[in-house]
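Worksheet: one structure, shown below.
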Amino acid sequence: MPELPEVETTRRKIEPLLAGRTILQVTHDAPHRYRDTGLAHGRQVSGLSRRGKYLMLHLAAAEADGEEHDLIVHLGMTGGFRLEEGPHTRVTLTTDAGTLYFHDPRRFGKMAVVPRGVYTGMPTLLGMGPEPLSEDFREEEFVRLAANAGAVKPWLLSQKPVSGVGNIYADESLWRARLHPAQSRLTPGEAGRLYHAVRDVMHEAVEAGGSSLGDGLGNYRQHDGEPGAFQGRHAVYGRAGQPCPRCGVPIEKTVLAQRGTHFCPVCQPLRTEDPA
DNA sequence: AGGACACCCTGTTGGC
DNA sequence: TGCCAACAGGGTGTCC
């Protein structure tokens, strides 16, 4: 589930359940994945925010140390919050107003409690590019960086030129911009198209509540048979062999940078000759 | 600097 | 039907 639109949807859904509440206990059995969660005990949640695919629970200062903290949550591939305990519950978050369960079948999700804004040891968060839906995401800068970049899809996935783009939305954005996933050194025209494609795709997906959402908490529900609002609008992702919505040619699937990659061989040709 | 790769985990799917 | 390999929405560390 967790690319920017799904994380943002999660944030919106659980904020009413957590904001203003005091965390009584965070229990789990994997301290290397969920670090320093004991620091959250007794602190009030002052608000929730999101940076790329990271969810931040802002914690008020405790009487003992007078220092604000963040409970950073990364959903990994399959993480999500639910109201009920299940076979894949990894973390139980108890507040003075109820309990929230973090489910994560694949255990790629992570949590850590840190002093506010201290992200040492989290290189992706430290090097995170601008939010695609904010004014900090500027076309001129994006075009400048893209001119010297390597293969465009891995570049997008690095979170450096822009934050929150994952495998699904990278493929969808590249299709809209009519760019081959392995294209490098984008021309200003190409990079401009991609800039707007990323913004549009992310905006539409957030409005739709992301892909594959289910029970009202923004959960990963792919095998629960409840398709998300944006999933039905995918042009290429998960559509190998089916016709391109633009030209009708079958969508191809390859592997690029260890990730499944979907594209239209006609609409998204690889430009081999150097632009003049 | 940046690319390629292994690794962290478990569940589902598709081919034989 | 049953088994097993391949694959899955992400990030990190290491090696070159």
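Chain A is the first sequence line, chain B the second, and so forth, proteins listed ahead of strands; every chain is numbered from 1.
There is a path of hydrophobic side-chain contacts, each under 4.5 Å, that joins A/Leu83 to A/Val45.
The phosphate of C/dG9 has OP1 or OP2 within less than 4.0 Å of a side-chain N or O from A/Arg259. OP1 or OP2 of C/dG11 sits under 4.0 Å from a side-chain N or O of A/Lys53. Note on A/Arg106: every side-chain N or O is 4.0 Å or more away from OP1 and OP2 of B/dG11. An OP1 or OP2 oxygen of B/dC5 is reached within less than 4.0 angstrom by a side-chain nitrogen or oxygen of A/Gln258. Within the 4.0 Å cut-off from OP1 or OP2 of B/dT10, not a single side-chain nitrogen or oxygen of A/His88 is found. Between A/Tyr237 and the phosphate of C/dG9, there is a side-chain N or O to OP1/OP2 separation shorter than 4.0 Å.
Pair assignment for C/dG10: B/dC8, on the basis of Watson-Crick or G-U wobble contacts that are both within less than 3.5 Å.
Nucleotides B/dC9 and C/dC4 are separated by 23 Å at their P atoms, to the nearest Å. Nucleotides B/dA6 and C/dA6 have their P atoms positioned 13 Å apart, rounded to a whole Å.
Summarising the geometry of A/Ala61 relative to A/Gly66, their closest heavy-atom pair is CB-C, 3.4 Å, with the distance given to 0.1 Å. In this structure, A/Val236 and A/Glu172 approach most closely via the heavy-atom pair N-OE2, 3.0 Å. The minimum heavy-atom distance between A/Ala40 and A/Val26, with the atom names listed, is CB-CG2, 4.3 Å.
In this structure, CG of A/Leu145 is placed 15 Å from C1' of B/dG2, rounded to the nearest angstrom. Residue A/Leu55 contributes atom CG, which lies 16 Å from atom P of C/dG10 at whole-angstrom precision. At whole-Å resolution of the value, CG in A/Asp104 and P in B/dC8 are 16 Å apart. Note: NE2 (A/His234) to C1' (C/dG9) measures 9 Å, nearest angstrom. Remark: C1' of C/dG11 and NZ of A/Lys160 are 12 Å apart, rounded to the nearest angstrom. In this entry the distance linking CG of A/Leu256 with C1' of B/dC5 reads 14 Å, nearest Å. Protein atom CE of A/Met77 is 15 Å distant from nucleotide atom P of B/dG11, rounded to whole Å. Taking atom OH on A/Tyr169 and atom C1' on C/dG10, their separation rounds to 15 Å, with Å as the unit.
Here A/Pro154 lies out of heavy-atom contact (under 4.0 Å) with every strand. In this structure, A/Lys253 reaches the sugar-phosphate backbone alone: every heavy-atom distance under 4.0 Å involves primed, P, OP1 or OP2 atoms, never a base. Residue-level contact check: A/Lys110 touches neither bases nor backbone, having no heavy atom under 4.0 Å from any strand.
For A/Gly260 and A/Tyr54, each mapped to the nucleotide of DNA chain C holding its nearest heavy atom, the one lying further toward the 5' end belongs to A/Gly260.
The side chain of A/Pro105 has B/dG11 as its nearest neighbour among B/dG11, C/dG13, C/dG10.
Near DNA chain B, meaning a heavy atom under 4.0 Å away, the residues from residues 29-38 of chain A are A/His32, A/Arg33.
The side-chain ring of A/Phe108 is not stacked on the base of C/dG11, judged by centre separation under 5.5 angstrom and plane angle under 30 degrees.
Classification of A/Glu190 and A/Arg178 as a salt-bridged pair fails, no side-chain N sitting under 4.0 Å from a carboxylate O. Salt-bridge formation is detected for the pair A/Asp65/A/Arg43: a Lys NZ or Arg NE/NH1/NH2 atom is positioned less than 4.0 Å from an Asp or Glu carboxylate oxygen.
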Check your understanding: What do the steps show when you test A/His103 against A/Thr89 for side chain to side chain contact (heavy atoms under 4.5 Å, CB included), and what is the final call?
Key -> CA-CA 4 Å; A/His103 290 218; A/Thr89 296; 3.3 Å; yes
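Taking the six-membered ring for Trp and the full ring otherwise, the centers of A/Tyr169 and A/Phe230 sit less than 6.0 Å from each other.
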